[in-house]
Amino acid sequence: MVKIQTSKEITPKIYAYTTPKNLDNEGWIKIGYTERDVKKRIKEQTHTAQVTTDILWSEKAEYLTEPDKGETFKDHDFHHFLKFHDVERRPKTEWFYFNGEPDRAKHLFDKFVVHDVSDYQPGQGQDYVLRQEQEAAVEQTAAYMAENPSGKYLWNAKPRFGKTLATYDLICRTQAQSVLIVTNRPAIANSWFDDFNKFIAGKTNYKFVSESDSLKDRPVLSRKDYMDYVLSHLDETEEMGQIAFLSLQDLKGSIFLGGRHNKLKWVTDTVWDLLVIDEAHEGVDTFKTDTAFNQIKRKFTLHLSGTPFKALAKGDFSADQIFNWSYADEQKAKLNWERESEKENPYESLPQLNLFTYQMSQMIGERVADGVQLDGENVDYAFDLNEFFSTDESGKFVYEQAVKNWLGTLSTNEKYPFSTKELRNELKHTFWLLDRVASAKALKALLEEHPIYENYKIVLAAGDGRMSEEDDRVKLKALDVVREAIQTNDKTITLSVGQLTTGVTIPEWSAVLMLSNIKSPALYMQAAFRAQNPHSWRDNKGNHYRKENAYIFDFAPERTLQLFDEFANNLSLATVSGGGTTTTREENIRELLNFFPVIAEDHEGKMVKIDAKSVLTIPRQIKAKEVLKGTSKNSYLLSPYFK
DNA sequence: GAGTCAATTCGAAGTCACAT
DNA sequence: ATGTGACTTCGAATTGACTC
């Protein structure tokens, strides 16, 4: 007799247990899945290690209500559900942290099996009070929106203005139900979600919907999650708001928006109450982006940017469509805060920026410093940072000796930032911006063998983060690498090319070294503001400190001063694109200099404070000198001296 | 010759699709 | 699921042609 049996009865179950004797696991609960006997299964996992276990509960892994009543599920589905309730999970394991509330695990399980998703994204529900300028921005925008329901508005606000929170406040105040946030830099999704989670989630009916890669470990809803949520709440009268976050690249890839992939149909199907374009200076204003935006049906559009040079120069916005909050505004507010006020000065924690600019030629060798005689005048060599840090095919610096000299000078001559122990202690974590990935790699190699800099952990946040082809180290997100390095090292140097220059916050950074020739004021200032994040800390004696000053070290004075001029003038409508009189331009620069002093080397190499007139005249003087030299290539001038 | 503008080149970042 | 490589897009800088 042949015995044929194709089926076996199984009982899918979810179980939860703790290991009370194991202190490492205190507060942690293991939640797993089995189709067999629970006790046996748990014993399999633990008996080798002689751990005592305490089974909390085990339940059928079966949904109890429609839409899939009677269907079974796996532990993954429940783990996913836990994520939405901010339950901490040990990465890559099935251990979850229920601090002292083991009952909560069962409680959540009971909710899960009946599709109760009412508490998705519980949030922290913190209260907040907008700073006066955030309030002003929201108020003005809301007023403009009421008058011009299909208009647009620009927040020309420096980094740290708090645009995410202010935007959320605007959303709540105007009761926009469907909001779409797009940006060219998906990495900043984190800060959007952080503020959402802290202040908005839980208190409102808004849900944060995003499938951005940078948020994959956070409790954000996918599009599908959101639709499930909406479908299961159709009978409720309350409105459900959604805040959807998309990257521009993703958006433009959609076939409905000019791309080639069949996705994101829902974006064009929705009429959005508000479209927010974050970092509105990047990747927008191109043909593709415009066509994509034209397909998006929306009422109001809000542009956010700290450096909208282009938009202002083009005159895209009129004066009543702009809210301005500049660095000078902020520092003025800091200075003028009423001491008598009951409230603590909210600007106190925002450091002042200081710009030190050096003549590179003075640092690398006598002969270059001498310059050449032209019409009886001493003229410096035009210096090109990109050329200076250029590399050959083998990944070595072309002017390796010169770069070594420069590193040496930087760490010995007392006017430079890394010259003494005291100075180095002030600048524990710095950000160095270079031009090319190869240069960053070469510099990393040099720094690591240099006696002074070897005490620093050098983080390479450029390219794919690998030093060579053979280096098969796990590729981590640059941001995580930097954070970890700062956690575990006393001193760090982060070398970067383009990464981490916009939108990220590393509070520990106290200085930025500009080693690249960037001439775009937007990029330059974005990078410069990386050092201006508030930060406070405690030393090992228990004394508290706060970051008071942030520094920018620059090695191309003429370029820098020109950028400074643009920074002072081209972010305000009156003086954009060379507008306004010389006096008003100087006035703007003078005001900015009050809060953002520039210290530069003079002819004798002494460090002096630059005044407003010099900012305007020095670049022209240097430019005139370049004209004298004719069309000679910088590399031609440099080569004989460095080789 | 000086200044302006378009074309070209290059590197970086992000996404998609495929493989394991 | 996770990682790798190809592909796409964009911005900046450089180059070269054109105009005055």
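Small disclaimer: the values here were computed from a predicted structure and weren't measured. Chain naming here is simple, since letters A, B, ... match the order of the sequence lines and numbering starts at 1 in each. In what follows, every heavy atom counts, from backbone to side chain, and hydrogens, waters and symmetry copies are set aside.
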> Please check this pair: side chain of A:Y226 against backbone of A:F208, looking for a donor-acceptor N/O pair closer than 3.5 Å.
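Side chain of A:Y226 to backbone of A:F208: no pair is present.
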> What is the separation between atom OH on A:Y524 and atom P on C:dG11, rounded to the nearest whole Å?
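Atom-to-atom, A:Y524 to C:dG11, this comes out as 22 Å.
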> For A:H76 and C:dA1, give me the distance from atom NE2 to atom C1', rounded to whole Å.
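Roughly 9 Å, once rounded to whole Å.
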> Is it the case that A:K30 places NZ or CZ above or below the six-membered ring of A:F96, under 6.0 angstrom from the centre and within 45 degrees of the axis?
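Not satisfied by the 6.0 Å and 45° rule.
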> I need the CG-P distance between A:L251 and B:dG14, as an integer number of Å.
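In whole Å, B:dG14 P lies 16 Å from A:L251 CG.
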> Measure CG/A:L434 against P/B:dA12 and give the value in whole Å, please.
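Between P of B:dA12 and CG of A:L434: 11 Å.
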> Roughly how many Å is it from CG in A:D250 to P in B:dA17, rounded to a whole number?
11 Å
> My understanding is that only residues two or more places apart in sequence, or in another chain, count here; which of them pass salt bridge (charged side-chain N to carboxylate O under 4.0 Å, His left out) with A:E44?
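Once residues adjacent in sequence are excluded, the partners of A:E44 under the salt bridge (charged side-chain N to carboxylate O under 4.0 Å, His left out) criterion are A:R36, A:R41.
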> Check the distance between B:dG14's C1' and A:L246's CG and give it to me in whole angstrom.
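From A:L246 CG to B:dG14 C1': 14 Å.
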